Amino acid sequence: MRVRYAPSPTGLQHIGGVRTALFNYLFARRSGGRFILRVEDTDRARSEDHYIQDIYQSLAWLGIEPDEGPAEHGFSGGDYGPYIQSRRVELYRKYTQQLLDEGKAYYCFCSTERMEQLRKKQEEEKSALQGYDRHCRSLPPEEARREAERRYAAGVEGQGCTVRFAIPLEGSATFHDLLLGDIEWANGDINPDPVILKADRFPTYHLANVIDDHLMNITHVLRAQEWLSSGPLHIQLYRAFGWEAPQFCHLPMVMGRDPATDKLSKLSKRHGATSLLEFRKGGYLREALINYIALLGWAFDESRETFTLAELEGCFDLAKLSRSPATFDYRKLEWFNGRYIRQYSVPQLRKELENLWQEHSPEMHGAVSVENLTERLDWILPLLQERLKSLREIPALAAYFFVAPVYEEPELALPKKHTAAQAAALLRKSRSVLEQLHSRDWVWETFDELLAVKQDWEASFRAAAADEGVKMGSLMQPLRYAITGSNTSPPLIESMIVLERLAGGEELLGRLDSLAMCLETGAEDL
RNA sequence: GUCUCCAUCGUCUAGUGGUUAGGACUCCAGAUUUUCAUUCUGGCAACGGGGGUUCAAUUCCCCCUGGAGAUGCCA
């Protein structure tokens, strides 16, 4: 078995493309076959080098390794190179010539203006026939050849000489799709005589794709269903060359819902983030992306939905593909992401962050900088880990460990049915507890030891709450606001211990005093 | 317009000629908890419509409807 992922470097790798790559990869792994990466850069106007880099980086990030790929870019080259189509143009010209010689293709001199007018006219007349009118198909071949040579010799690009494939006028093309079953298509319904060699003498997708799949011995073509209607054309091309066509499997499309119109369409930029590396930048873990993408149009059984790449390699099965399109759901991706974040160990998570922040500076909060953030992550991460949906939330959530909060909404400091004065009193009580705790001799070096210390601290605060005749929550609320500047935060006692470790006890007391002052001076407003 | 593909909760899906139509996300409620989150428990929610075939259709067939894709010297 030999399968390939054949992206064109005309844009960033997006979810749909990556899903196709993943399924091809999994199919190869599962069947002991080979997974080939081929770059289809036949569109000279739109192909760009950095898009090629994006393809490589995307696959590398996910851990999808091609068995064969462009050797000039460091991939293990197989026996079928080059794997970049722009380095194979002579091949495509040679095969085009063959088709020309056999009368299965013909030169076309119709200008783009003529084609535009034709299309416009067909649209206006709501013509049953759409597409090329085969104007040049009946040109005497010898005459056409001379004209083509004349134009090529003139050398100017865009002289309007293309080569079109002569679709048989009668009959039909039939092929068996592994997912969809038998597909039969009347030749009359195939796009009439598509261009196979453009005016710049580069091949179009259809030609290059068919030639390369054949030459590279591809046995199975797994591609998105948007290609289904090119299937019959490709079958006709294989037939014209006298080649056996590979097995086809047209994967369900990945859709997105346009928030403005509420309409579904092929997932694209208008639906939000779609490029893979954008997700990485946005704090998503590779495991989450792989797991979620694998489930887009595929399911293992009635309940299991957690899979690592390695597990997928062992259980992926085309028979379990869905035939209907899948809508991309950002929320479910987030849910997976949260789960995988919680599964990571703290060192793993820290490493991931350091790598990420090296490439993309995160949006920082106050005085939090990458330097002093990463070195303290081992203390902070355990407190944040279980409330993260994405890595990108970390700087904002961790900010209070680095800078004193600004008390913009002091009413958040008030427990239910408490006045500002009462809250300030609770704060003073907490202050005395902290002072007492500071006078004690305690040390801790690991997070586990911190948890032991926490027992003591918590007991002291509980006693204080009882003293004051309030619930623990009531005592904690002003304290929480003082320390974190919010009424929702990671566990407060652990936070204080960590903060004391990172910034010293005076920092804690200072925050309490400053909120108390704030409450007392603004008391009448609350 | 034409051709083609598709059709189970809002979303991703499982499933069968006879099931209380299963799971997950979201949402809601409850429990745990110093808040938030996590975790746990419970709940809301689906076989697009009409014809057949059959003792019996969500399941098989046809039509309709709906959705999507293609209709490029883009892939």
Side-chain angles (χ1 to χ4, degrees), chain A residues 6-11 40-43 45-47 108 110 112 115-116 119 122-123 125-132 158 160-164 177 180 183-186 188-192 194-200 202-206 208-209 224-232 250 252-253 255 257 263-266 292 295-306 320 322-329 331-336 338-339 342 384-389 397 412 458 461-462 465 471-477 479-481 484 486-493:
Chain A
S8 85
T10 52
E40 305 214 331
D41 57 341
T42 54
D43 183 339
R46 293 197 303 151
S47 292
C108 172
C110 294
T112 42
M115 291 305 296
E116 268 165 36
R119 199 167 303 129
Q122 286 172 339
E123 210 163 297
E125 293 176 358
K126 293 199 168 27
S127 162
L129 290 172
Q130 299 265 325
Y132 187 51
C161 176
T162 64
V163 178
R164 288 181 182 272
D177 186 278
L180 270 15
I183 307 284
E184 191 181 348
W185 213 290
D189 291 328
I190 299 177
N191 183 22
V195 169
I196 53 176
L197 201 70
K198 300 181 258 192
D200 62 5
F202 267 62
T204 57
Y205 163 81
H206 302 292
N209 190 264
Q225 246 173 56
E226 59 186 297
W227 295 108
L228 186 63
S229 52
S230 330
H250 289 91
M253 306 242 312
M255 314 294 285
R257 193 176 290 280
K263 297 257 189 213
L264 284 175
S265 55
K266 275 200 289 190
Y292 179 67
L295 262 18
L296 241 26
W298 183 83
F300 179 69
D301 64 12
E302 67 280 350
S303 58
R304 180 172 175 193
E305 60 175 6
T306 303
K320 291 172 182 297
S322 162
R323 276 180 305 277
S324 39
T327 308
F328 192 84
D329 182 357
R331 287 191 293 194
K332 185 131 190 191
L333 206 215
E334 278 205 333
W335 176 78
F336 269 119
R339 288 189 58 198
R342 272 167 255 135
L384 304 187
Q385 191 169 14
E386 72 181 15
R387 61 212 84 221
L388 292 172
K389 287 202 289 282
L397 283 178
L412 295 181
E458 185 173 345
F461 280 103
R462 283 198 184 281
K471 288 183 181 164
M472 181 68 158
S474 301
L475 180 68
M476 298 302 261
Q477 188 162 342
L479 183 55
R480 163 168 284 109
Y481 191 71
T484 71
S486 167
N487 60 350
T488 63
S489 79
L492 222 212
I493 293 173

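In what follows, every heavy atom counts, from backbone to side chain, and hydrogens, waters and symmetry copies are set aside. Convention: sequence-line order gives letters A, B, ...; per-chain numbering from 1. Keep in mind that this is a model prediction, so the values were computed, not measured.
Not one side-chain nitrogen or oxygen of A/T327 sits closer than 4.0 Å to the OP1 or OP2 atom of B/U11. The side chain of A/R164 contributes an N or O atom lying less than 4.0 Å from OP1 or OP2 of B/C73. Side-chain N/O atoms of A/S303 include none lying less than 4.0 angstrom from OP1 or OP2 on B/A14. OP1 or OP2 of B/U39 has at least one side-chain nitrogen or oxygen of A/R342 nearer than 4.0 Å. The phosphate of B/U4 has neither OP1 nor OP2 within less than 4.0 Å of any side-chain N or O from A/W185. Residue A/K198 places at least one side-chain N or O closer than 4.0 Å to OP1 or OP2 of B/C74. For the pair A/R119 and B/C73, the criterion of a side-chain N or O lying under 4.0 Å from OP1 or OP2 is met.
One can place CZ of A/R323 at 7 Å from P of B/C6, the figure rounded to the nearest angstrom. Atom CD of A/E226 is separated from atom P of B/C6 by 17 Å (rounded to the nearest Å). A/M253 has its CE atom 13 Å from the C1' atom of B/U4, to the nearest Å. To the nearest angstrom, P of B/A14 lies 10 Å from CH2 of A/W298. In this structure, OH of A/Y481 is placed 17 Å from P of B/C36, rounded to the nearest angstrom. Following rounding to the nearest Å, A/E305 (CD) and B/C25 (P) show an atom-to-atom distance of 7 Å.
Pairing for B/U16 is absent, with no Watson-Crick or G-U wobble pair whose two atom distances lie under 3.5 Å. Summarising the base pairing, B/A29 is matched to B/U41 through a Watson-Crick or G-U wobble pair whose two defining distances lie under 3.5 Å. Checking B/C3 for Watson-Crick or G-U wobble geometry (two distances, each under 3.5 Å) identifies B/G69 as its partner.
Taking the six-membered ring where the residue is Trp, A/Y292 and A/F328 present perpendicular rings, their angle passing 60° and hence far from 30°.
Listed nucleotides B/A24, B/U35, B/C25 differ in distance to A/D329; the shortest reach to its side chain belongs to B/C25. Of all nucleotides listed (B/C74, B/U2, B/U26), B/U2 comes nearest to the side chain of A/D189. The side chain of A/M255 sits closest to B/A68 out of B/A68, B/A24, B/C73. Distance from the side chain of A/Q130 is smallest to B/G1 among B/G1, B/A68, B/A75. Which of B/C5, B/G72, B/A75 sits closest to the side chain of A/N191 comes down to B/G72. The A/A326 side chain lies nearest to B/U13 when the options are B/C73, B/A70, B/U13. With B/C74, B/U11, B/C6 as the candidates, the nucleotide lying closest to the side chain of A/R257 is B/U11.
A/Q122 places a side-chain N or O within donor-acceptor distance of the main-chain N or O of A/G131, the cut-off being under 3.5 Å.
In this structure, A/P203 and A/I493 both approach RNA chain B, and ranking their closest nucleotides by distance from the 5' end singles out A/I493.
Relative to the ring axis of A/F300, A/K320 places its NZ or CZ within 45° and under 6.0 Å from the centre.
The residue A/P252 sits apart from the nucleic acid: no heavy atom pair falls under 4.0 Å. At a threshold of 4.0 angstrom between heavy atoms, the contacts of A/L228 are confined to the sugar-phosphate backbone, with no base atom among them. Among the heavy atoms of the strands, none lies under 4.0 Å from A/G188. Residue A/T10 is classed as having no contact, given no heavy-atom separation below 4.0 Å to the nucleic acid.
With hydrogens and angles ignored, no donor-acceptor pair closer than 3.5 Å exists between the side chain of A/R331 and the base of B/C25. For A/K266 against B/A68, no side-chain N or O and base N or O form a donor-acceptor pair under 3.5 Å. One donor-acceptor pair, N or O on each side, does fall under 3.5 Å between the base of B/C36 and the side chain of A/R387.
Proximity of A/R257 to A/K263: side-chain heavy atoms (C-beta onward) are nowhere separated by under 4.5 Å.
The shortest non-hydrogen separation linking A/P203 to A/A208 is CG-CB, 3.8 Å.
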